[in-house]
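In what follows, a single structure is set out as structure tokens and then discussed.
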Amino acid sequence: MADNVSSSSSTSATITPPETKSWADVADEEAAAEIKLDSLVVDESKPQGALGLTNPDDSTIEAVTSGDTPYTSAKRFEDLNLSPELLKGLYVEMKFEQPSKIQAISLPMILTPPYKNLIAQAHNGSGKTTCFVLGMLSRVDPNVREPQALCICPTRELAIQNMEVLLKMGKFTGITSELALPPDQANYIPIQKRPPITAQVIIGTPGTFSKWLQHKKLGLSKMKILVFDEADHMLAMSGFRDESIRIMKAIAKASSNCQVLLFSATFDDDVKDFSSKIAGEIFKREPNQMFVKKEELSLESVKQYKVHCPDELSKIMVIKDQILELGEKVGQAIVFVKSRNAASMLHQALVKLGYEVTTIQGALNIEDRDKIIKEFKEGLTQVLIATDVLARGFDQSQVNLVINFDLPVQYGRYSEPDNEVYLHRVGRAGRFGRRGAVFNLLCLDSDDMIMDKIEKHFNSQITEVAPWNSREAFEDALRRAGLL
DNA sequence: AAAAAAC
């Protein structure tokens with residue numbers, strides 16, 4: 001799973017403006033009030049990555065603390081007052097050595113009383129999951145046999161993946177957990193016949209949480225920590241805003257001092273404003289916040305390319321002749337398409353040409369979804385066609401190639417890119433600083449315009465691969481990405 | 001010319 005790449009760089013950080021001092025130093029200031037609402041920009045020069053890895057740490061995070069609680073950056077996990085069982089999980093199971101940058105900054109904010117709310121943005125593949133999983137595990141009281149931590153995710157796949165991390169990290173703690181997901185056929189029990197939930201940590205999707213609440217199967221009075229993974233999407237109008245707020249309000253009512261953590265790699269300005277507002281309104285406290293500038297969000301280890309294709313059919317030929325052929329040597333690949341229908345079309349076309357590909361999308365039944373993800377994670381399949389069900393959070397370190405068969409656009413505004421989804425898709429490659437490449441397949445004039453807008457938005461370089469049917473051009477691109 | 005969850 002998540003291999004922690006230990007940082008060889010110095011742990012000191014530079015804070016600008018106005019003067020230069022380290023994050024750790026700030027907490028030592030006598031007048032803690034001085035840092036109140038100050039912007040702390042943590043900046044490190046990037047060390048050279050060894051073995052094809054670059055430093056996964058977030059180079060530029062702007063953190064804003066609210067109130068006068070002093071925080072000291074955690075250089076070692078021992079600094080965090082964790083139980084011996086949890087430390088053992090970190091070292092033995094997770095094979096971590098020391099906190100990554102985001103962990104060093106956010107964990108003290110999560111674990112220090114008065115347990116303020118936190119809105120945390122950090123790069124894709126930088127270890128956000130381990131932050132909030134560690135947060136949940138360390139805030140749960142193992143002696144209280146009631147639900148104390150909740151993590152809400154946008155997809156079934158992400159909930160399962162997060163649970164795997166929790167089980168691994170919490171292996172020695174004895175803390176109990178349960179998935180809140182629609183059951184597959186084999187495990188189906190009518191909700192009325194279910195006993196009340198007693199697991200201490202629960203991870204799941206909003207619909208099932210709502211259902212459990214509605215049937216009074218989930219007690220909220222002991223709730224200490226509520227996590228929203230992919231929080232910007234969970235709170236977006238076009239996402240799960242209503243359901244998320246309903247759950248938040250129910251918890252705030254039953255357990256008024258429950259801590260709320262919002263984690264994501266992306267927060268567009270609207271959602272950013274809304275998030276801090278809602279967290280404050282419902283839970284009556286100003287949240288701590290850490291953000292990354294959008295220009296700083298592109299992963300440097302992942303090369304981005306665009307390919308002009310004369311028509312839709314040639315896009316399929318690119319997948320067939322370049323990706324499927326070259327991909328073998330390069331690692332696993334995910335091909336993103338715009339719709340369930342487009343997914344089945346592409347799938348059928350490639351199968352007809354004699355290739356083995358698998359596809360995941362929301363219309364498949366639960367059993368098939370679970371199976372296809374399992375096969376891909378075990379490396380049994382090489383190329384996975386996916387809708388945006390897999391755009392966010394999916395963590396498979398062997399994925400080195402991402403293909404945007406269709407560019408992500410906003411619903412109802414099809415000439416506008418969905419920058420956030422774009423960034424999340426790119427983030428499926430290059431986990432934890434690994435090398436990767438993204439190929440954007442462009443066909444229509446509007447594709448060009450959308451690509452330009454994405455380029456401008458992130459101020460990132462997207463190199464052209466031409467011509468579309470040249471093996472040499474693709475090999476060269478992969479070489480430049482460090483994959484060949 | 002949408003995906004996601006779940007009724």
Side-chain angles (χ1 to χ4, degrees), chain A residues 150-163 179-185 187-192 194 202-215 217-218 228-248 264 266 271 312 315 334-347 359-370 372-373 384-394 404-425 428 442-447 449-450:
Chain A
L150 229 61
C151 173
I152 308 183
C153 315
T155 63
R156 172 183 191 85
E157 284 69 25
L158 203 43
I160 293 172
Q161 182 177 285
N162 289 340
M163 180 57 84
L179 281 166
L181 294 175
D184 56 25
Q185 299 267 336
N187 297 308
Y188 179 76
I189 304 171
I191 180 80
Q192 293 85 354
R194 284 204 55 142
I202 302 158
I203 302 178
T205 45
T208 302
F209 278 119
S210 302
K211 191 171 173 180
W212 286 6
L213 289 176
Q214 185 193 330
H215 288 85
K217 297 294 183 183
L218 180 60
F228 286 91
D229 193 6
E230 307 298 340
D232 62 324
H233 188 239
M234 300 310 294
L235 292 173
M237 210 101 77
S238 57
F240 292 96
R241 180 175 290 188
D242 292 349
E243 280 157 294
S244 295
I245 288 179
R246 208 173 305 131
I247 295 170
M248 257 196 217
S264 183
T266 53
V271 177
E312 285 289 319
K315 281 164 61 172
I334 302 179
V335 181
F336 283 106
V337 295
K338 65 182 168 192
S339 66
R340 296 171 173 185
N341 194 29
S344 0
M345 302 283 279
L346 181 59
H347 183 103
T359 298
I360 181 140
Q361 41 110 333
L364 300 182
N365 65 44
I366 286 168
E367 288 79 4
D368 288 343
R369 277 172 75 157
D370 290 352
I372 283 158
I373 291 298
L384 182 59
I385 300 167
T387 59
D388 283 326
V389 67
L390 231 62
R392 287 168 171 267
F394 183 70
N404 284 322
F405 192 86
D406 300 308
L407 292 176
V409 294
Q410 296 176 26
Y411 182 59
R413 296 174 71 199
Y414 300 109
S415 59
E416 293 300 317
D418 191 323
N419 293 307
E420 282 67 39
V421 171
Y422 180 82
L423 192 78
H424 283 281
R425 287 179 178 186
R428 294 322 98 211
L442 314 180
C443 167
L444 308 172
D445 290 345
S446 56
D447 291 338
M449 291 171 51
I450 291 162

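Note that this is a predicted model, so its numbers are computed, not measured. A, B, ... follow the sequence lines: proteins, then strands. Residue 1 opens every chain.
When the side-chain nitrogen and oxygen atoms of Arg340(A) are compared with OP1 and OP2 of dA4(B), one or more of them lie within a distance under 4.0 Å. The phosphate of dA5(B) (OP1 or OP2) has no side-chain N or O of Thr155(A) nearer than 4.0 angstrom. For the pair Arg369(A) and dA3(B), the criterion of a side-chain N or O lying under 4.0 Å from OP1 or OP2 is not met. Note on Thr387(A): a side-chain N or O is less than 4.0 Å away from OP1 or OP2 of dA4(B). Dashed line: the shortest gap from a side-chain N or O of Thr208(A) to OP1 or OP2 of dA6(B) is under 4.0 Å.
Atom P of nucleotide dA4(B) and atom CZ of Arg392(A) are separated by 13 Å, given to the nearest angstrom. Atom CE in Met345(A) sits roughly 13 Å away from atom P in dA1(B) (whole-Å rounding). The CZ atom of Phe405(A) sits 16 Å away from the P atom of dA2(B) (whole-angstrom rounding). Regarding Arg428(A), its CZ atom lies at a distance of 19 Å from the P atom of dA3(B), rounded to whole Å. Rounding to whole angstrom units, NZ of residue Lys338(A) and P of dA3(B) are separated by 10 Å. Look at CD1 on Ile360(A): it is 9 Å from P on dA4(B), rounded to the nearest Å. Distance CZ (Phe336(A)) to C1' (dA4(B)): 13 Å, rounded to an integer number of Å. Asp242(A) places its CG atom 14 Å from the C1' atom of dA4(B), with the value rounded to the nearest Å.
Comparing atom distances between the Tyr414(A) side chain and each of dA3(B), dC7(B), dA1(B) picks out dA1(B) as nearest. Between dA3(B), dA6(B), dA5(B), one nucleotide has an atom nearer to the side chain of Ser339(A) than all others, and that is dA3(B).
Looking at His424(A) and Asp388(A), their side chains never come closer than 4.5 Å, going by heavy atoms from C-beta outward. In this structure the side chain of Asp370(A) reaches within 4.5 angstrom of the side chain of Arg156(A), judged on heavy atoms.
Across Leu346(A), Leu384(A), Thr359(A), a single residue satisfies side-chain contact (heavy atoms from CB on, under 4.5 Å) together with Val335(A), and that is Leu346(A).
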field: From CA spacing to verdict: side chain to side chain contact (heavy atoms under 4.5 Å, CB included), Glu157(A), Ile360(A)
entry: CA-CA 10 Å; Glu157(A) 284 69 25; Ile360(A) 181 140; 3.7 Å; yes
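Nucleic acid contact class of Pro154(A) (heavy atoms, under 4.0 Å, all strands): sugar-phosphate only. Among the atoms of the strands shown, only primed sugar atoms or phosphate atoms (P, OP1, OP2) are found under 4.0 Å from some heavy atom of Gln361(A).
Using modelled atom types, one finds no donor on one side chain facing an acceptor on the other under 3.5 Å when comparing Ser264(A) with His233(A).
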